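No experiment lies behind these values; they were computed from the predicted model shown.
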Amino acid sequence: MSIDPIAAALPVAPLVAALTGLLLPKHTRKLPAILAIGGAAVAAALAVAMVIRGPLDADAGITIADFGGLKVTFGTWANGTAGLVALAVGIVATCVQVYSVAYLDHDDRYAPYAAQISLFTAAMLLVVVSADMIPLLVGWEVMGICSYLLIGHDRTLPEAPGAAVKAFLITRFGDVGFVLGIAVLGTGAHSFRIADVLAAAESGQLSTATLTTAGILLLCGVAGKSAQFPLHTWLPDAMEG
């Protein structure tokens with residue numbers, strides 16, 4: 001099956017808005033706002049179309065690297081859960097961008113802020129629709145970078161830079177486990193494709209010990225991103241930003 005065009009376009013729309021917005025002068029407002037809201041709204045519309053169309057199985061994707069038979073592919077998986085989560089991301093991102101136009105009315109760095117929110121949205125949608133764990137990891141890490149930039153966005157807040165660094169370091173600590181969990185699953189299943197990993201688990205190719213270890217490692221990254229104990233201390237500080 002070829003790559004699903006709707007699912008593939010989901011992260012592309014806000015990514016184009018982000019890359020274009022980052023090239024604009026930081027003091028401009030109208031064009032950055034149009035790009036940011038438009039990119040998020042297009043993503044939301046695509047998510048609606050994906051939900052209406054119905055789920056699709058993971059596609060074969062395009063091979064982007066091959067490490068001794070262990071391939072890294074770019075493919076999409078537009079199942080029912082992905083469609084609903086993508087819809088939630090698109091709607092929330094659109095609301096955030098619309099609200100931010102007025103909320104940051106006096107911010108002379110609105111343009112990079114709007115572009116960073118668009119990049120965050122693109123990365124999140126890549127995580128949602130990716131059929132391979134490596135592109136998923138790329139989206140996951142870009143989300144972390146955007147969090148750092150957004151928490152430290154307001155240069156007038158003295159605590160914001162320190163809070164941004166703290167959030168970055170703690171979530172990176174959790175992401176070490178996330179990367180190792182992906183490595184355990186990928187080497188055990190001889191594939192980074194999520195469908196192949198699930199099939200390997202169902203067939204018994206991946207032992208209970210391997211699955212438990214990988215699950216705990218992945219949970220470290222999830223706990224860091226969602227500020228769960230004991231990787232929760234960055235979130236109160238981030239509220240300063």
Side-chain angles (χ1 to χ4, degrees), residues 11 14-15 17-29 32-33 35-36 39-40 85 88-89 92-93 95-97 99-128 130 133-184 214 216-241:
L15 177 62
L19 296 179
T20 307
L22 289 172
L23 297 176
L24 298 175
K26 66 179 181 180
H27 299 296
T28 57
R29 295 192 62 86
L35 284 170
V85 175
V89 171
V92 172
C95 292
V96 168
Q97 293 285 21
Y99 180 80
S100 296
V101 173
Y103 186 73
L104 299 180
D105 182 51
H106 302 293
D107 193 327
D108 62 357
R109 297 181 61 250
Y110 167 77
Y113 163 86
Q116 289 159 15
I117 290 288
S118 294
L119 184 59
F120 194 107
T121 304
M124 201 179 310
L125 289 170
L126 178 60
V127 170
V128 172
S130 178
M133 293 187 291
I134 301 302
L136 183 152
L137 177 62
V138 171
W140 185 269
E141 293 301 331
V142 172
M143 286 168 58
I145 295 171
C146 291
S147 295
Y148 165 79
L149 294 172
L150 290 166
I151 293 169
H153 169 77
D154 193 340
R155 307 293 175 81
T156 65
L157 299 174
E159 294 85 358
V165 171
K166 183 177 182 180
F168 185 80
L169 292 177
I170 291 178
T171 54
R172 293 292 74 69
F173 177 79
D175 285 352
V176 172
F178 197 80
V179 172
L180 292 176
I182 288 176
V184 168
I216 292 172
L217 289 170
L218 292 174
L219 185 60
C220 291
V222 175
K225 275 284 196 294
S226 57
Q228 302 300 312
F229 179 85
L231 302 178
H232 66 288
T233 57
W234 66 266
L235 185 57
D237 293 354
M239 293 302 99
E240 178 63 30

Roughly how far, to the nearest 0.5 Å, is the CG atom of Leu119 from the CG atom of Leu22?
7.0 Å
Measuring from Ile134:CD1 to Ile182:CD1, what's the distance to the nearest 0.5 Å?
5.5 Å
Considering all heavy atoms of both residues, which atom of [X] and which atom of [Y] are nearest to each other, and what is their separation?
X	Y	answer
Gly139	Ala123	O-CB, 3.3 Å
Gly221	Phe178	CA-CB, 3.9 Å
Leu231	Gly174	CD1-CA, 4.0 Å
Ala167	Ile151	CB-CD1, 3.7 Å
Gly224	Thr171	O-CG2, 3.4 Å
Ala40	Ala93	CB-C, 3.9 Å

Would you mind listing every side chain to side chain donor-acceptor pair (under 3.5 Å) that reaches into [range], with sequence neighbours excluded?
range	result
residues 20-29	none
residues 159-170	Lys166-Asp237
residues 218-234	Asp175-Lys225

Side chain to side chain donor-acceptor pair (under 3.5 Å) against [X], all qualifying residues, sequence neighbours excluded:
X	result
Gln116	none
Ser147	none
Ser118	Gln97

Run the side-chain contact (heavy atoms from CB on, under 4.5 Å) test against Val184 and tell me which residues pass, sequence neighbours left out.
Thr210, Ala214, Leu217
So, using side-chain contact (heavy atoms from CB on, under 4.5 Å) as the criterion, who are the partners of Val89 when residues are at least two apart?
Val85, Thr121, Met124, Leu125
With heavy-atom distances below 4.5 Å as the criterion, would you say the side chains of [X] and [Y] are in contact?
X	Y	value
Val142	Cys146	yes
Asp107	Tyr113	no
Leu136	Leu126	no

Contacts of type ring-ring contact (aromatic ring centres under 6.0 Å, His included), residue [X], not counting sequence neighbours:
X	answer
Phe120	none
Tyr110	none
Tyr103	Tyr99

Not counting sequence neighbours, list each pair that qualifies as a salt bridge (Lys or Arg N to Asp or Glu O under 4.0 Å) and has a residue in residues 134-151.
Glu141-Arg172
